[in-house]
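Both counts, for ligands and for their atoms, begin at 1 and track the order of listing.
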Amino acid sequence: VRTSSGNAAGGDLRFVFQGDRMLLRGEATPYEVPGDIGLRVLFEEEIGEIHGRRCFAAEVEGDAPEGAAFQDLRSLLGVVDERVFAMAGRAKQVIGWNRDHRFCGRCGARTGSGTERFSRKCPECGALYFPRLSPAAIVLVSRGEEVLLARSPHFAPGMYSALAGFVEPGESVEETVAREVREEVGIEVKDITYFGSQPWPFPNSLMIGFLAEHAGGELRPDPSEIENARWFETDSLPKLPPLGSIARALVEEFISRRGRCTGPSRPSARS
Ligand SMILES: [Zn+2]
């Protein structure tokens with residue numbers, strides 16, 4: 001177990017978690033945690049490097065040291081460097097995977113470390129467990145100059161986002177897009193095009209983003225998932241997910257493409 005820090009490059013970066021919450025020190029240096037923080041380390045693993053500095057995920061128990069606090073990782077989204085956020089998400093998922101696979105799901109025996117990176121192996125039946133990822137599709141549907149945004153009951157007040165849903169077994173991601181849109185708001189889409197992806201460690205998704213166009217049907221939101229869904233003009237958008245999220249990037253991409261197609265570019269949603 002590596003517990004020290006400190007080399008010329010600025011030392012190791014340790015992403016320290018208790019449950020799903022990360023230890024943040026002050027506001028400026030949330031991820032640079034010194035080696036000795038007076039907490040009991042339950043699990044620690046090297047997970048990569050950023051600008052030559054080795055990165056570690058650590059699960060600890062005990063109270064946060066003076067001047068620090070355990071906080072939801074979401075508070076870092078769009079605040080810290082993308083690579084730091086991605087590494088923090090990696091740490092969170094590796095810790096969660098280790099915690100959730102201490103016993104074999106097939107035979108119930110206690111697992112041990114496997115030989116491959118991020119693997120746990122059952123000594124009884126040989127089952128291997130890697131961190132699980134749950135791919136999800138997220139899609140911004142447009143109709144002319146308008147975009148479809150919806151809110152689920154658990155969103156922050158007033159916030160709307162693009163539609164999203166988990167990929168089901170046997171589905172292509174494009175099929176997920178068409179199914180989710182149909183199930184959530186009752187319309188059909190066409191011209192589904194890939195935009196980009198984003199690791200989304202809440203708890204273990206990979207968000208796969210698409211743009212699509214309305215192909216037919218009127219909005220009929222499924223009340224079990226969608227509190228409200230509407231077509232919005234891009235100059236009168238509601239509160240959006242934070243900068244740094246793929247949902248926000250999809251909206252900005254649409255605005256930027258319309259700007260290129262229709263003449264002078266409109267102001268972006270950043271403000
Ligand atoms: Zn087993």
Side-chain angles (χ1 to χ4, degrees), residues 1-5 12-23 31 33 35 37-50 54-64 70-74 76 83-138 154 164-177 179-180 183 197-208 224-225 246:
V1 171
R2 176 166 297 267
T3 56
S4 66
S5 69
D12 300 339
L13 299 178
R14 300 172 83 230
F15 297 82
V16 177
F17 282 78
Q18 196 164 72
D20 285 338
R21 292 157 75 81
M22 191 168 104
L23 187 64
Y31 50 92
V33 178
I37 49 175
L39 293 167
R40 193 162 96 85
V41 177
L42 305 175
F43 166 76
E44 188 167 56
E45 183 141 338
E46 186 162 1
I47 56 171
E49 56 100 3
I50 296 177
R54 299 168 72 188
C55 297
F56 294 82
E59 184 182 23
V60 299
E61 65 179 15
D63 295 328
F70 290 100
Q71 292 180 39
D72 193 323
L73 197 53
R74 287 171 202 265
L76 293 189
R83 290 191 64 187
V84 171
F85 182 79
M87 194 64 77
R90 183 170 168 98
K92 178 176 180 287
Q93 290 176 88
V94 166
I95 288 166
W97 151 77
N98 181 69
R99 184 186 57 221
D100 294 348
H101 291 89
R102 288 175 297 169
F103 295 91
C104 177
R106 188 186 293 164
C107 77
R110 186 177 285 275
T111 60
S113 293
T115 51
E116 293 178 65
R117 185 159 56 144
F118 303 149
S119 67
R120 291 193 70 81
K121 186 170 184 180
C122 174
E124 297 296 325
C125 76
L128 269 177
Y129 297 97
F130 294 94
R132 188 186 69 191
L133 289 177
S134 300
I138 180 164
H154 68 261
F166 289 109
V167 179
E168 293 184 349
E171 255 181 352
S172 72
V173 196
E174 290 80 0
E175 287 169 337
T176 307
V177 167
R179 177 182 54 75
E180 281 292 336
E183 287 177 358
S197 66
Q198 179 180 41
W200 192 247
F202 306 107
N204 56 9
S205 287
L206 173 67
M207 300 298 279
I208 305 168
S224 70
E225 291 196 60
I246 192 168

Exercise. Are the side chain of Thr176 and the backbone N or O of Ser172 linked by a donor-acceptor pair below 3.5 Å?
Worked result: yes
For this session: Give a yes or no answer on whether the side chain of Gln18 reaches the backbone of Leu23 with a donor-acceptor pair at less than 3.5 Å.
Result: no
Exercise. How are the rings of Trp97 and Phe43 set to each other: parallel, tilted or perpendicular (split at 30° and 60°)?
Worked result: perpendicular
Exercise. What closest approach, in Å, do Lys92 and Pro201 show between heavy atoms, and which atom pair accounts for it?
Worked result: NZ-O, 2.6 Å
For this session: Determine, step by step, whether Arg14 and Glu44 satisfy the salt bridge (Lys or Arg N to Asp or Glu O under 4.0 Å) criterion, reporting the C-alpha distance in whole Å, the side-chain angles of both residues, the deciding distance to 0.1 Å, and the verdict.
Result: CA-CA 9 Å; Arg14 300 172 83 230; Glu44 188 167 56; 2.5 Å; yes
Exercise. Can you name the closest pair of heavy atoms from Ala88 and Leu73 and give their distance?
Worked result: CB-CD1, 3.6 Å
For this session: Could you pull out the N/O/S protein atoms under 2.8 Å of the Zn ion (ligand 1), ignoring any water?
Result: Cys104 SG, Cys107 SG, Cys122 SG, Cys125 SG
